[in-house]
Amino acid sequence: MSKYPFTEIEPKWQKYWEDNNSFRVEEDPSFPPEKRMYVLDMFPYPSGAGLHVGHPEGYTATDIYCRYLRMNGYNVLHPMGFDSFGLPAENYAIKTGTHPKATTEKNIEHFTKQIKSLGFSYDWSREIKTHTPEYYRWTQWIFLQLYKKGLAYESSAPINWCPSCLTGLANEEVNDGTCDRCGAQVEKKNIRQWILKITEYADKLLEGLDELDWPESIKAMQRNWIGRSTGADVKFKIEHLDKELTVYTTRPDTLFGATYMVLSPEHPLVDALTTDEHKSAVEDYLRAASLKSDLERTDLAKEKTGVFSGSYAINPVNEQKIPIWIADYVLISYGTGAIMAVPGHDERDWEFAKVFNLPIIEVLQGGNIDEAAFTGDGLHVNSGPLDGLGKQEAIDKITAWLEGQELGEAAVNYKLRDWIFSRQRYWGEPIPLVHCPDCGIVPVPEDQLPLTLPEVESYEPSGTGESPLARIEEWVNTSCPVCGKAAKRETNTMPQWAGSCWYYLRYLDPMNEGEFVNEAVQDYWMPVDLYVGGSEHAVLHLLYARFWHKVLFDLGVVKTSEPFERLINQGLITSFAYQRPNKSLVPVDEVEEKSETEFIEIATGESVIQTIAKMSKSLKNVINPDDIIAEFGADSMRLYEMFMGPLRVSKPWQTKGLTGVHRFLDRVWRAAEKPITSETAPESLEKVLHKTIKKVTHDTAELEFNTAISQMMIFINEQFKSEKLYKSVWERFLLLLAPYAPHIAEELWEKLGNEPSVTKRDWPVYDEAMTIENLVTVVIQVNGKLRDKIELARGTDKAEMEKLALASEKVKAHTSGKNIIKVIAVPDKLVNIVVK
RNA sequence: GCCGGCGUGGUGAAAUUGGUAGACACAGCAGACUCAAAAUCUGCCGGGGGCAACUCUGUAUCGGUUCAAGUCCGAUCGCCGGUACCA
């Protein structure tokens with residue numbers, strides 16, 4: 001394959017852009033507000049593995065879009081940085097003793113080099129790294145604002161504990177009972193933690209979603225995660241005990257069907273409610289439950305277990321005595337940790353009642369409660385005053401009655417839990433608080449920020465679960481900022497999410513030493529007009545960032561209620577892999593390709609099928625962008641990632657497919673070697689150019705890059721037929737190509753004798769009239785089937801079309817001897833003749 | 001189970017408001033150039049039937065609406081992502 005000299009021109013133009021600060025951006029007031037765009041990529045965690053092909057996908061998309069916007073007269077903010085606190089560097093430090101800062105900065109250097117080798121138009125002068133004291137000073141400052149607003153509290157409730165990361169995890173960081181980061185089994189553990197009251201913002205986070213231009217799937221995930229439900233809290237009296245038991249239910253209308261109650265094993269009243277007679281059985285059950293992991297309590301164990309406490313509660317609506325059970329299918333973390341069980345109309349309660357032979361009463365008609373719980377709507381029965389009412393009416397009526405009797409009240413609950421914000425680790429932002437024996441918890445004064453990380457000798461967390469910082473005496477021991485007495489620093493650090501919660505704000509004003517971001521600069525750019533990244537951040541990062549932003553909004557320090565106006569998830573880049581008949585996957589290098597559709601596993605000789613899988617080291621199907629750039633060039637890499645398919649869907653990488661776009665660029669290069677003329681181009685070529693400008697303009701604006709590239713290929717195939725290169729046509733084509741393949745476009749632009757740089761030129765315009773053909777192909781159908789095609793002048797009227805259509809010999813063959821019922825003519829499109 | 005999304009050639013994919021299904025590529029086949037190969041250029045390329053003109057059929061499956069359905073509606077099957085004892 002002949003290769004155009006991309007190895008020379010790509011570094012040449014990257015150096016040119018850098019030397020000329022081509023992409024540096026300022027808050028220039030001459031751009032009207034609607035011509036200011038903030039286009040943001042999710043910044044990477046600088047892992048030791050370097051860039052993978054997934055990173056450049058989103059980055060290329062935004063780069064093309066930004067270059068396109070600049071050529072259309074926009075002032076574009078397009079920054080890049082690094083999410084550089086994080087566990088892998090610390091774990092590496094534990095293993096090798098290398099300072100996480102050294103590892104991190106080396107990785108950043110590598111990432112920067114890789115990112116720059118793709119020719120992206122970032123304003124590098126705004127680069128931020130979350131691990132630098134200049135940056136995390138303000139992360140700490142924001143934490144203090146949350147603390148002062150009462151949104152941060154200490155607690156030692158049982159939390160998710162990862163025994164491998166030796167740190168606490170938020171609910172959303174646990175997948176199937178395993179740690180989101182390392183995959184280890186998560187345990188329950190009591191340890192002192194800092195927690196952020198994200199639940200206080202549950203409603204705001206929910207409502208804010210409505211106004212956002214985000215994918216529905218992501219909004220649905222966040223709504224589902226917040227999990228708002230409405231119902232009622234109901235108080236139950238307990239027989240022979242002066243205590244009340246409050247339960248939360250979404251179905252207070254089924255109160256007459258409550259035949260027993262269930263407490264979570266961790267419920268505070270368990271002890272008091274257990275009678276002597278049942279004590280040993282209950283204790284055995286509690287012990288067994290505490291030993292179960294989350295995974296065993298949920299995924300694996302659908303079989304209901306439980307134990308009777310010996311006590312009874314009184315149903316407030318009918319004074320019925322109902323037994324109180326203890327069972328681990330009730331979670332302490334949701335609602336009140338206790339439920340009223342209505343086995344007739346709740347699947348879980350039904351299953352439990354079947355196992356323990358508890359009574360099942362029908363209070364709502366419509367199902368067969370001997371077979372299964374009925375959860376639909378219907379008329380109430382056996383429910384006293386609710387009889388004959390439907391679901392919603394009954395809920396309203398009983399809730400009002402409970403409130404009147406002071407037996408309960410309407411209530412709202414959320415699945416969302418507060419956010420465990422502290423990590424017992426070294427490589428994160430120190431939480432800027434001091435524990436004083438007299439004054440209690442005291443914030444570090446803002447003018448003493450940043451509170452920097454001390455040097456440590458060992459990165460191993462202390463055996464007690466405390467952070468390695470706890471062992472640095474000279475750092476931990478400090479004086480109280482209020483009373484001056486000896487005090488101790490908080491030794492927990494912040495989770496990795498902290499830095500990424502607000503980085504988009506710091507890009508606006510990265511050098512500001514007096515405030516986290518200047519107000520006028522915010523007004524100029526915010527909110528983020530387009531945010532592009534992977535859907536793996538659908539709940540975690542995107543929910544946390546929205547939470548912080550809303551807090552900052554309520555504090556009056558940011559002006560928009562939402563940070564990211566429009567969000568797009570790029571699809572995952574997958575790879576081919578091979579699958580055995582039992583569905584297990586085989587690494588690529590253990591398979592031989594017999595033919596296009598036949599593959600065998602070398603070791604066994606068994607045939608396997610080709611399938612699509614995530615890239616992974618174990619499947620040996622990971623593609624390294626460096627190799628691709630070395631062999632085909634950055635422009636080919638960029639173009640291929642966009643040509644593979646729509647940005648938003650996942651698609652498999654095929655290096656073979658890359659040759660197509662590489663050949664296209666090679667053709668562009670060779671086309672430029674033809675003799676240049678300033679003569680007027682033939683109309684046919686000029687027309688193809690206008691169509692190309694139209695399509696590329698539309699598709700680039702809509703981020704439909706794959707079809708824009710197809711159209712440029714059509715243009716070059718047309719241009720290639722010509723012996724000459726028409727300067728005016730060629731120039732405009734190079735401008736279209738520039739956002740997509742900026743290096744070759746710059747080089748060929750210069751080769752035409754033009755001043756660099758193409759990035760500063762105006763986007764070409766098209767003439768609508770030139771995109772329209774005078775002759776159109778009109779299709780003639782008989783009963784909807786294609787029978788003939790005729791070339792007609794554009795705008796031929798219906799009557800004429802019908803006449804010509806009926807005159808067609810091919811049509812006559814299908815209409816002769818039949819009755820023409822109807823003729824439909826769509827101008828410039830088709831004629832359909834309906835016959836019988 | 002629930003929520004969200006997707007099913008189009010050998011492969012990646014196009015199809016703007018319902019109006020020629022498969023643009024643009026990859027792979028394949030044939031030819032040109034070449035001593036030869038690579039590269040390049042040209043042509044063919046959903047399936048069945050036919051020497052051919054042509055014809056039947058085809059967008060996961062079944063049904064519906066319409067002059068006309070990949071596109072709209074209903075049901076079913078399959079795949080992907082999320083979530084799951086949240087009362």
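A, B, ... follow the sequence lines: proteins, then strands. Residue 1 opens every chain. Basis for what follows: all heavy atoms, side chains included, without hydrogens, waters or symmetry-related copies. Quick caveat: nothing in here was measured; it's all calculated off a predicted structure.
At a threshold of 4.0 angstrom between heavy atoms, the contacts of A:Ser710 include nucleobase atoms, whether or not backbone atoms are also involved. Counting any heavy atom pair closer than 4.0 Å across all strands shown, A:Val826 reaches a base atom. At a threshold of 4.0 angstrom between heavy atoms, the contacts of A:Ser535 with the nucleic acid are absent. Backbone-only contact: A:Pro652 has heavy atoms under 4.0 Å from sugar-phosphate atoms and none from a base. Residue A:Ile824 is in base contact, counting any heavy-atom pair closer than 4.0 Å across all strands shown. Within 4.0 Å of A:Lys785, counting heavy atoms only, lie sugar-phosphate atoms of the nucleic acid but no base atom. Using a 4.0 Å heavy-atom criterion, one finds that A:Asn413 contacts no nucleic acid atom at all. Residue A:Lys651 is classed as a sugar-phosphate contact, given heavy-atom separations below 4.0 Å to backbone atoms only. No contact: A:Glu216 has no heavy atom under 4.0 Å from any strand. Using a 4.0 Å heavy-atom distance criterion, A:Arg228 is classed as making no nucleic acid contact.
Nearest nucleotide to the side chain of A:Asn717, out of B:rA68, B:rC24, B:rU83: B:rC24. Distances were taken from every side-chain heavy atom of A:Phe643 (C-beta onward) to each of B:rC67, B:rU20, B:rC24; the shortest belongs to B:rC24.
Classified by its glycosidic torsion, B:rG9 falls in the syn category, the angle being within 90° of 0.
Taking atom C1' in both B:rG28 and B:rU34, the straight-line distance is 23 Å, to the nearest Å.
In this structure, A:Trp653 has its ring center under 6.0 Å from that of A:Tyr640.
One finds no side-chain N or O of A:Arg223 lying less than 4.0 angstrom from the OP1 or OP2 phosphate oxygen of B:rU83. One finds no side-chain N or O of A:Asn706 lying less than 4.0 angstrom from the OP1 or OP2 phosphate oxygen of B:rA23. Side-chain nitrogen and oxygen atoms of A:Arg663 include at least one within less than 4.0 Å of the OP1 or OP2 phosphate oxygen of B:rA27. In this model, the phosphate group of B:rC41 is approached by a side-chain N or O of A:Arg670 to a distance below 4.0 Å at OP1 or OP2. Listed pair A:Lys656 / B:rA25 fails the phosphate criterion, with no side-chain N or O lying under 4.0 Å from OP1 or OP2. Distances shown here put a side-chain N or O of A:His814 below 4.0 Å from the OP1 or OP2 atom of B:rU55. In this structure, A:Lys822 reaches the B:rC67 phosphate: one of its side-chain N or O atoms is under 4.0 Å from OP1 or OP2. An OP1 or OP2 oxygen of B:rC80 is reached within less than 4.0 angstrom by no side-chain nitrogen or oxygen of A:Arg648. Contact check, A:Lys810 against B:rC54: a side-chain N or O comes under 4.0 Å of OP1 or OP2.
Of the two residues near RNA chain B, A:Lys721 and A:Glu347, the one whose nearest nucleotide lies more 5' is A:Glu347. Comparing A:Arg787 and A:Lys695 against RNA chain B, the residue whose closest nucleotide sits nearer the 5' end is A:Lys695.
Using cut-offs of 30° and 60° for the angle between ring planes, the A:Phe733 and A:Phe715 rings count as parallel.
By the 4.0 Å N-to-carboxylate-O rule, A:Lys721 lies close enough to A:Glu718 to be salt-bridged with it.
In this view, A:Lys812 and A:Glu809 satisfy the salt bridge (charged side-chain N to carboxylate O under 4.0 Å, His left out) rule, not counting sequence neighbours.
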Strand RNA chain B as a dot-bracket string - pairs counted if Watson-Crick or G-U with both distances under 3.5 Å, | where the partner lies in another strand: (((((((..(((......[....))).(((((.......))))).((((....))))..(((((..]....))))))))))))....
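Tested against A:Glu768, the residues A:Lys691, A:Lys687, A:Lys694 include a single salt bridge (charged side-chain N to carboxylate O under 4.0 Å, His left out) partner, A:Lys694.
The side-chain tip of A:Lys304 does not point at the ring of A:Phe352 from less than 6.0 angstrom away and within 45° of straight on. Cation-pi geometry between A:Arg667 and A:Phe720 is met: under 6.0 angstrom from the ring centre, within 45 degrees of the axis.
Straight-line distance from the CG atom of A:Leu830 to the P atom of B:rA68: 12 Å, rounded to whole Å. Here the C1' atom of nucleotide B:rA14 and the CE atom of A:Met644 are 16 Å apart, to the nearest Å.
One distance of note links CG of A:Leu786 with NZ of A:Lys810; it measures 9.5 Å at 0.5 Å rounding.
A 4.5 Å side-chain heavy-atom check between A:Tyr285 and A:Pro265 finds at least one atom pair inside the cut-off.
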